[in-house]
Amino acid sequence: MDLARPDLRPDPSLSRAEMEALQREIAAAATFEDDHGLDPAAVAVEEVASLADGLPPARDEAQARLGTGDDERSADTTPDPDAPTVVGVDQAFLTDRGEDRPDAAVSAAVALRGGRVIEYASATTSLSIPYIPGLLAFREGEPILAALDALDADPDLLICDGSGRIHFREAGLATHVGVLRDVPSVGVAKSLLCGDPDEVTDERPEGWRTPIRADDAVTTAEAGTVIGHAFQSRQYPNSRRVNPLYVSPGHRLSAETAVDLVAALCAGYKLPEPTRLADAYADTVKRDAD
DNA sequence: GCGACAG
DNA sequence: ATCTTGTCGC
């Protein structure tokens, strides 16, 4: 059965209070427990991936394009058809020369299966509301859904750039998108919106993690509830300066499984491969735009 | 009034 | 997020 919740899609004219109320509904509809068939080992990306080099780039919006590789090497490059499809989404912004505010968002979605890119697509949409801490999903949610619509692949897992449950109302970007589509989702943020790490996060070794617990800024959860993890995805031997990632479940995942999945999706860079590739593709589309 | 805040 | 070259270190 289809448990997607298009009814929770925000109306563009919502007031701030209405947006916050909608987030409480979204959080209530979200599941922060494991409800999926994903095995971190099955989604793992063992080697650094890349967008299918040498293939025509995906068309913006309507026409997503397969990037599976040459026919000659199809036997080697065809990913396991039974492996789950993991989709990373990220955005880049376009600012008209002379303007100070970005007026359009380029959303990119990159699908991987068995550690290889199988498809990528993008959508360029005009921006309606400005960035407001806590309300990011109202700025980036629709653009992201547009990019997902441009993809033929059916995501088994979404990796979003931003928070999921680590949010004032437990309804960050990853939760918003995950609930609207009823797809397991994870939020990967580069800085912490709210909550408290159990331990100091500075100068930690690669692979290290610590729980993030709700503090009084999280109005919908009891203080102390684990809402995510700080995760040191990468660290350099000598110079200690890489900040950890802040990983939180978006929908249908526990906080623990969310970090396990992200750890499995990292392959040498700070960001998990789906996010890193979506980031790179969004930049490419943006550059081609001007 | 002060603090504090994803992208 | 964005505006941007070189530069420090492995």
Side-chain angles (χ1 to χ4, degrees), chain A residues 16 19-20 23 26-27 88-109 122 124-145 147 158-178 185-197 201 203 206 212 214-220 227-231 234-250 258 262 268-272 275-276 278-287 289-290:
Chain A
R16 178 171 184 142
M19 289 191 270
E20 293 180 354
Q23 289 187 322
I26 288 171
V89 289
D90 192 26
Q91 297 173 307
F93 297 86
L94 300 168
T95 306
D96 278 341
R97 196 171 62 76
E99 301 300 322
D100 51 344
R101 300 254 174 205
D103 67 322
V106 173
S107 300
S122 73
T124 299
T125 45
S126 56
L127 260 20
S128 47
I129 78 168
Y131 165 68
I132 299 169
L135 299 179
L136 179 66
F138 294 93
R139 175 177 172 81
E140 303 194 347
E142 282 303 312
I144 286 174
L145 293 176
L158 291 177
I159 308 297
C160 301
D161 61 313
S163 292
R165 194 182 186 184
I166 293 179
H167 181 271
F168 308 132
R169 292 165 292 278
E170 297 177 278
L173 182 61
T175 303
H176 185 104
V177 175
S185 62
V186 179
V188 177
K190 292 180 287 298
S191 60
L192 190 59
L193 177 62
C194 57
D196 284 322
T201 60
E203 303 178 32
E206 207 165 286
I212 301 291
D215 56 10
D216 53 15
V218 181
T219 62
T220 55
I227 55 177
H229 292 267
F231 172 59
R234 179 159 201 205
Q235 194 57 277
Y236 299 120
N238 285 335
S239 65
R240 73 299 181 277
R241 53 173 187 183
V242 179
N243 295 122
L245 253 24
Y246 296 94
V247 180
S248 58
V262 169
Y269 290 86
K270 171 173 178 173
L271 295 174
T275 303
R276 190 180 67 78
D279 182 78
Y281 186 51
D283 272 339
T284 297
V285 174
K286 176 187 174 176
R287 286 179 49 194
D290 51 31

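Throughout, protein chains are lettered first and strands after them, A, B, ... in sequence-line order, and every chain is numbered starting at 1.
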### Task
Mind checking F168(A) for me? I need base, sugar-phosphate or nothing, with any heavy atom below 4.0 Å counting as a touch.
base
### Message
How many whole angstroms separate atom CG of L127(A) from atom P of dG7(B)?
### Response
16 Å
### Task
Measure the shortest side-chain to side-chain distance between D279(A) and D161(A) over non-hydrogen atoms and say whether it is less than 4.5 angstrom.
no
### Message
Side chains of L245(A) and P272(A), heavy atoms from C-beta outward: is any pair under 4.5 Å?
### Response
yes
#### Entry: pair N243(A)-K270(A): side-chain heavy atoms closer than 4.5 Å
yes
### Message
Please give me the minimum heavy-atom distance between Q91(A) and I144(A), naming the atom from each residue.
### Response
NE2-CG1, 4.0 Å
### Message
Measuring only between side-chain heavy atoms, which start at C-beta, is V285(A) closer than 4.5 Å to S122(A)?
### Response
yes
### Message
I want to check one thing: is the phosphate of dA6(B), taken as OP1 and OP2, less than 4.0 Å away from some side-chain N or O of K190(A)?
### Response
no
### Message
What's L245(A) touching, base or sugar-phosphate or nothing? Going by heavy atoms closer than 4.0 Å.
### Response
nothing
### Task
Considering non-hydrogen atoms only, spot the tightest contact between G164(A) and A174(A) and give its length.
CA-CB, 3.8 Å
### Task
Provide, to the nearest angstrom, the distance between the CG atom belonging to L94(A) and the C1' atom belonging to dG7(B).
15 Å
### 4.5 Å side-chain heavy-atom contact, L173(A) and E140(A)
yes
#### Entry: Whole-Å gap separating C1' (dC5(B)) and CD (E20(A))
13 Å
### Message
Using a 4.0 Å cut-off to any heavy atom of chain A, which nucleotides of DNA chain C are the first and last in contact, reading 5' to 3'?
### Response
dA1(C) to dC10(C)
### Query
Rounded to whole angstroms, how far apart are CG on D216(A) and C1' on dC5(B)?
13 Å
### Query
Atom CG of L136(A) to atom C1' of dA4(B): distance rounded to whole Å?
16 Å
#### Entry: Whole angstrom value for the distance that separates P of dC5(B) from CG of L173(A)
19 Å
### Task
Grab the NE2-P distance between H167(A) and dG7(B) for me, whole Å please.
13 Å
### Query
Quick one: on DNA chain C, does R241(A) or F93(A) contact a more 5' nucleotide (nearest heavy atom)?
F93(A)
### Query
Across the strands shown, which category fits S163(A) at heavy-atom distances under 4.0 angstrom: base, sugar-phosphate, nothing?
base
### Query
In whole angstroms, how far is the P atom of dA4(B) from the CD1 atom of I166(A)?
18 Å
### Query
Touch check for A105(A), heavy atoms < 4.0 angstrom, all strands: base, sugar-phosphate only, or nothing?
nothing
